[in-house]
Amino acid sequence: MLTINDFGFKYEGSEAVLLDSINWEVGEGEIGLLEGPTGSGKSTLLYTIAGFTGKYVSGETYGNIEINGLYPSRALREGIIYYVPQEPTNSFAGYDVITELMWRGASKDEATHIAMELGIDHLLKRQVFRLSGGEAQKVAIAAAILGRYRIILFDEPLANLDAASRASFVSLLQVLKKKKLTVIVAEHRISYFHGLADRTLALERQKSELTYEDLKIPSINPHNDSLLKISNLSFSYDSRMIIKNFNLSIRGGEVVGLVGENGSGKSTLLKLITGMIKIKGIERNFRSIGFSMQTPELQFLEDTVEKEIKYGAKGEVYRQIAGLMGLDKKLDRLPHSLSRGERVRVAVSSAAAIMPDLIILDEPTEGQDSIGLQMMEKLVTTMAKAGSGVIIITQESEFASKYCDRIVEIGTGESSA
């Protein structure tokens with residue numbers, strides 16, 4: 001059971017109180033839904049429940065949190081609580097999936113059984129750092145079950161999952177309830193939990209109003225020239241075919257949505273186009289390229305938000321972009337200290353600020369509330385009007401269908417308007 005009484009938190013060195021007078025209770029076998037806009041403190045509250053505050057997260061707290069009658073730090077030491085982060089691979093200890101599932105004491109048969117139940121038995125021999133974001137999320141869920149924890153915390157578990165996998169995850173929560181496990185889920189996509197969550201705690205952003213001016217950026221590709229052409233591209237890892245006979249073309253001013261199931265090769269394609277993975281058969285006609293990765297921390301180079309967005313930027317346009325993306329008040333912050341949604345916006349802003357011919361955004365809607373989605377829409381449409389070609393890699397079919405000129409499915413290479 002989780003009990004929170006008059007809890008408050010503010011980060012070290014900050015005058016603003018992030019969480020104030022929080023009261024909540026989630027019982028054994030119940031599912032608690034933690035909702036709220038980006039930056040409202042969902043992840044911070046999860047960190048505190050998990051016992052990370054004071055050890056991994058610096059800040060001032062008041063009030064009380066108990067896990068089965070224990071302080072969170074002790075519950076963590078005694079193996080009662082398990083935290084599944086937004087980027088599960090950051091917490092993996094095993095080299096391959098089967099090792100990751102067994103290192104907490106589970107037998108091979110137990111690990112195999114759970115993997116089959118979750119539909120990931122084909123991944124057991126896969127190296128964990130070669131999993132897609134959605135595949136890594138499923139492995140983390142399996143590890144949580146095998147660890148025999150009593151309380152499991154999920155930080156935006158649906159973010160990297162395709163539609164079928166999201167439905168599978170929600171069904172899995174029913175199994176956890178039957179096993180009398182307490183589950184806490186922090187999530188933006190609350191519609192999936194209607195009728196399922198037993199307790200809901202809604203957090204509010206301290207300053208929820210956002211205003212911005214239209215971006216005024218110079219023309220990038222006035223003639224909408226061809227920027228990229230991929231014909232019958234195939235690519236494999238260790239003899240395992242990831243991409244097969246894939247076709248894609250894009251001109252300046254176009255917004256193309258790239259969709260596909262987890263593990264279909266969407267993020268791999270980003271690496272191929274950008275040259276992070278060398279391969280022949282891609283016709284690159286762009287002079288400059290900007291991109292944001294699915295895990296934005298992997299591309300952070302600077303110690304402040306301003307330096308990160310300004311890195312490689314053309315002129316002072318980065319200030320306009322920072323303002324549009326709600327980051328103008330956080331320019332002196334360490335990028336890693338921001339919420340997940342804010343970190344994604346930093347990476348996207350940095351990619352856009354160089355005014356590239358082609359910009360590729362890998363899951364830019366991840367961690368975004370309704371305001372964050374409006375920011376992304378405004379940035380994408382403005383870049384396209386200036387002549388940039390935009391590729392959006394996403395699981396959010398509604399966002400893609402609304403703002404993309406074409407949608408290309410990587411599993412088939414077929415496109416639709």
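This chain uses plain numbering: 1 for the first residue, then up along the sequence.
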Using the rule given for salt bridge (Lys or Arg N to Asp or Glu O under 4.0 Å), can you reason through Glu342 versus Lys330, listing the C-alpha separation, both sets of side-chain angles and the distance that settles it, and then say yes or no? CA-CA 10 Å; Glu342 290 167 335; Lys330 301 187 178 185; 2.2 Å; yes
Using the rule given for side chain to side chain donor-acceptor pair (under 3.5 Å), can you reason through Asp362 versus Ser267, listing the C-alpha separation, both sets of side-chain angles and the distance that settles it, and then say yes or no? CA-CA 7 Å; Asp362 196 350; Ser267 294; 2.7 Å; yes
Sequence neighbours excluded, which residues qualify as salt bridge (charged side-chain N to carboxylate O under 4.0 Å, His left out) partners of Arg251? none
Apply side-chain contact (heavy atoms from CB on, under 4.5 Å) to the pair Phe246 and Asn232, showing each step before the final yes or no. CA-CA 5 Å; Phe246 179 73; Asn232 298 319; over 6 Å; no
Quick check for you: to the nearest 0.5 Å, what is the distance between Trp24 atom CH2 and Thr200 atom OG1? 7.5 Å
Answer with yes or no whether the side chains of Asp6 and Asn23 bring together a donor and an acceptor at under 3.5 Å. yes
Contact between Arg166 and Gln395 at the side-chain level, heavy atoms closer than 4.5 Å - yes or no? yes
Can a side-chain donor-acceptor contact be found between Glu100 and Tyr95 if the only test is distance below 3.5 angstrom? no
Relative to each other, are the rings of Tyr47 and Phe52 parallel, tilted or perpendicular (30° and 60° limits)? tilted
Residues 110-117 side chain polar contacts: donor-acceptor under 3.5 Å, at least two apart:
unit_1: Glu110; atom_1: OE1; unit_2: Ser107; atom_2: N; d: 2.8
unit_1: Glu110; atom_1: OE1; unit_2: Ser107; atom_2: OG; d: 3.4
unit_1: Glu110; atom_1: OE1; unit_2: Arg148; atom_2: NH2; d: 3.4
unit_1: Glu110; atom_1: OE2; unit_2: Arg148; atom_2: NH2; d: 2.7
unit_1: Thr112; atom_1: OG1; unit_2: Lys108; atom_2: O; d: 2.8

Does Arg319 come within less than 4.0 Å of Glu316, counting only side-chain N to carboxylate O? yes
Does Glu366 offer a backbone N or O that forms a donor-acceptor pair with the side chain of Gln368 under 3.5 Å? yes
Could you check whether Arg77 and Tyr71, counting side-chain N and O atoms only, form a donor-acceptor pair closer than 3.5 Å? no
Between Lys125 and Asp96, is there a side-chain N and carboxylate O pair less than 4.0 Å apart? no
Take Lys402 and Glu396 through the salt bridge (Lys or Arg N to Asp or Glu O under 4.0 Å) test and state the conclusion after the steps. CA-CA 10 Å; Lys402 188 174 182 180; Glu396 304 294 341; over 6 Å; no
Sorted by chain and number, sequence neighbours left out, ring pair (Phe, Tyr, Trp, His ring centres under 6.0 Å) with Phe286 holds for none
